[in-house]
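Structure first, commentary second.
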Amino acid sequence: MSVLKRSSLRVSVVYPLLIATAFAICAFADDIPPGGIPVLGKVSATDRTIEGAGSFLTSFLPGGGTEMTLSVTTRVTPKMPYDIQTMKPIERPIAKGSVMLGIVRGRMTAASDDSGEAKITFLFQKNGSPWTKSVMETVGVTGAWHTFYFPFIAKDEYKAGEAACGLYFGYKPQTVEIARIDVLDYGDRIALRDLPHNRISYAGMEMDAAWRADADKRIDEIRKALLTVSVCDAGGGSIPDAAVSVSMKRHSFGFGAVFNAGIAFPAVDTENARRYRETYRSLFNRGVEESTMKWVRWGSGTASYSNMALRTAAWMKENGIDLRGHTLVWPAFRYASPLPEIQSLSNDAAGLRTRISEYVRELTTAFKGQVIEWDVINEPYNMHRLHDTMMPLLSENDLSEWFKLAHAIDPKPHLFFNDSGVLERGGTNEAAQKYYLDLITALKQHGTPVHGMGFQGHFGTTLTPPEQLKRVLDRFAECVDILAATEFDVDILDEGTQAAYTRDFMTMLFSHPSVNGIVMWSFWESTVPNAKALFRNNWMEKPNGRMWKDLVLKKWRTDANGRTDTSGNYSVRGFLGDHEIAVTAGGKTKKTVASLSKGGAAVRIVLD
């Protein structure tokens, strides 16, 4: 492995830095479907060399079997990956929803990372604020020339110049050579899953990885307890050899998914709507409504949104499904309603605080007694990067007051911060982790009722290793009582790895004592325009769907049968939750329901 020496020069932060580039668009022996239209065009190769304050060096040099190769050397680790980047605007219009394929060919010639690989991040984004990304994927680059594929859906309609494709190079000291970058537009002529994609792996995915045994041991210790069934006759005499069955009816741990009220409750009921509700009831015991409880919907004055939100709450209660409230404060003006009125407060911090407080009071009052948790503040860390963020107008004291207000109106729900980018991206986003650890610690020191941290868990191709997940969870468990995955999905086309990571992510979180739930963000493909779901449009299970069912309905579910001993007792270690117990002896059968908690449970059944 080649190791780069760190420069003694100070890092110069370069953001946003657009390096003038020239890529040779050449044909390789790739398995690329025909019909894709290049949108980047060609750029003439040059020998221009660009250097920036000792932190990086780029140059064009012959090699890689092409006319020219871009060589990028990172000399000093920058603060952020995007501090060293190259971007190329599109030269053709793209329709919203078009199926696209990004192509990059590259190799590493020097690396300092322990993996022995260099890193690059491919992205396709709006060429201007808010820089909305259709795809952003980080890959490891080895010493051999390799072609990487990045299939994606265009998130919007773009005219020439309105979107751009690029690469981030801002990682540990390394040298990467790039021989090709291209983006092909297939429109609606091919399915996303039919495009080539990168095989993805992560540390710890091996079936004999050491962390698995440790996790299973913790699961047995913290998610199970002893259930003892004593069977006797009407006179109190023990009944030996009685048949006993114990079947779990409801798990105490929250296994959930987002709920789309518009799909579930159409004006005229449909087969898909019925299938949606039935599947939801069978797989999940915790839910969150996708959009109607958000300010931009609830506060719009449109009765259909508020009616859908209240109908969802009633349906959840009727079916024994716990409801999470999402969300009270989402601090960007685009997420507020009515928008013109709220935007008029962009220079009036006091007026904005008052208006947010009114909304918090309205929503918590409307759902009092109907939710078990509230995402009180949603994505405050990520909101800082938006041009219409409210965060500069808000103080820590404001955030504290909204937690206190929600708690005063309804003291039963647990109150959360909720955000992405904390468990994701390899679990190494120190800035995001420190932001929340410092904020939660400061608020709690002043008596703020912050009960939980919600990790959204939107994973792309950079899959955080299970052991790193545990390190992040352990860190947060020191400052807040409850942790949860609130919007989990794995947005990759490699369905085998998607299923494996679903298993490993769920296993690690289920094995952590501070985690109380895992909520999927989308479970049916028709509600999401990508690969995240558990079921396809025709309701066929995907591999990750089978994995979810195997864990939730089989591996982590009590289903035991046995016979009482000579003392009339039968014992089993079961998962915490509600169980149906059936006892049969002497031609008589009796059933009862019992709740198994951490302290265990003893159930006495009289056969009379």
Let me know which of [options] forms a side-chain contact (heavy atoms from CB on, under 4.5 Å) with [X].
X: F150; options: N198, L101, L195, V183; result: N198
X: F253; options: V515, L576, V552; result: V515
X: C165; options: I103, I181, D182; result: I181
X: T464; options: V422, T428, L469; result: L469

Between the side chains of [X] and [Y], does any donor sit under 3.5 Å from an acceptor?
X: D481; Y: H451; result: no
X: Y171; Y: T121; result: yes
X: D489; Y: S522; result: no
X: E424; Y: H458; result: no
X: N418; Y: T486; result: yes

Nearest heavy atoms of [X] and [Y], plus distance in Å:
X: I222; Y: K598; answer: O-CE, 4.4 Å
X: T389; Y: P331; answer: OG1-O, 3.6 Å
X: L483; Y: A477; answer: CD1-N, 4.1 Å
X: W524; Y: A533; answer: C-CB, 3.5 Å
X: T441; Y: C479; answer: OG1-CB, 3.9 Å
X: M383; Y: N378; answer: CG-O, 4.3 Å

Side-chain (R223) to main-chain (F510) donor-acceptor, under 3.5 angstrom | yes
Check: P380 main-chain N/O paired with H384 side-chain donor or acceptor under 3.5 Å: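 Pair found, side chain donor or acceptor close to backbone of P380.
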Contacts of D559 meeting side chain to side chain contact (heavy atoms under 4.5 Å, CB included) (sequence neighbours excluded), chain-then-number -> N561
- request: May I have the step-by-step check of salt bridge (Lys or Arg N to Asp or Glu O under 4.0 Å) for E373 and R286, ending in yes or no?
  value: CA-CA 11 Å; E373 296 170 351; R286 183 166 297 181; 3.7 Å; yes
Practice item. Report the distance from atom CZ of F417 to atom CD of E379, rounding to the nearest 0.5 Å. Key: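 Between F417 CZ and E379 CD, I get 13.0 Å after rounding to 0.5 Å.
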_Using side-chain heavy atoms (C-beta onward) and a distance below 4.5 Å, is F124 in contact with I90?_
yes
So F488 and L509, side chain to side chain contact (heavy atoms under 4.5 Å, CB included) or not? Walk me through it.
CA-CA 11 Å; F488 173 60; L509 268 68; over 6 Å; no
Classify the angle between the aromatic ring planes of F523 and Y276 as parallel (below 30°), tilted (30 to 60°) or perpendicular (above 60°).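 Ring orientation, 0 to 90° scale: tilted.
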Q. Does R324 count as lying over the ring of F416, i.e. NZ or CZ under 6.0 Å from the six-ring centre, within 45 degrees of the axis?
A.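 Yes, a cation-pi geometry holds between R324 and F416.
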- More than 12 non-hydrogen atoms from neighbouring residues, nucleotides or ligands closer than 6.0 Å to CG on N538, yes or no? yes
Notebook entry, point to check: Considering residues, nucleotides and ligands other than K133, do more than 12 of their heavy atoms fall under 6.0 Å from its NZ?
Noted result: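 Atom NZ in K133 is packed in, count exceeds 12.
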Not counting sequence neighbours, which residues clear salt bridge (Lys or Arg N to Asp or Glu O under 4.0 Å) with D220? List them please.
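Residues passing salt bridge (Lys or Arg N to Asp or Glu O under 4.0 Å) with D220: K224, R573.
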Query - Test log, rule salt bridge (Lys or Arg N to Asp or Glu O under 4.0 Å), inputs E487 and K532 - result: CA-CA 11 Å; E487 303 180 16; K532 301 175 183 179; over 6 Å; no
Could K470 and D474 be called an ion pair, given the rule that one side-chain N must be under 4.0 Å from one carboxylate O? yes
Between I200 and L463, does the side chain to side chain contact (heavy atoms under 4.5 Å, CB included) criterion hold? Intermediate values first, please. CA-CA 9 Å; I200 301 166; L463 300 174; 3.8 Å; yes
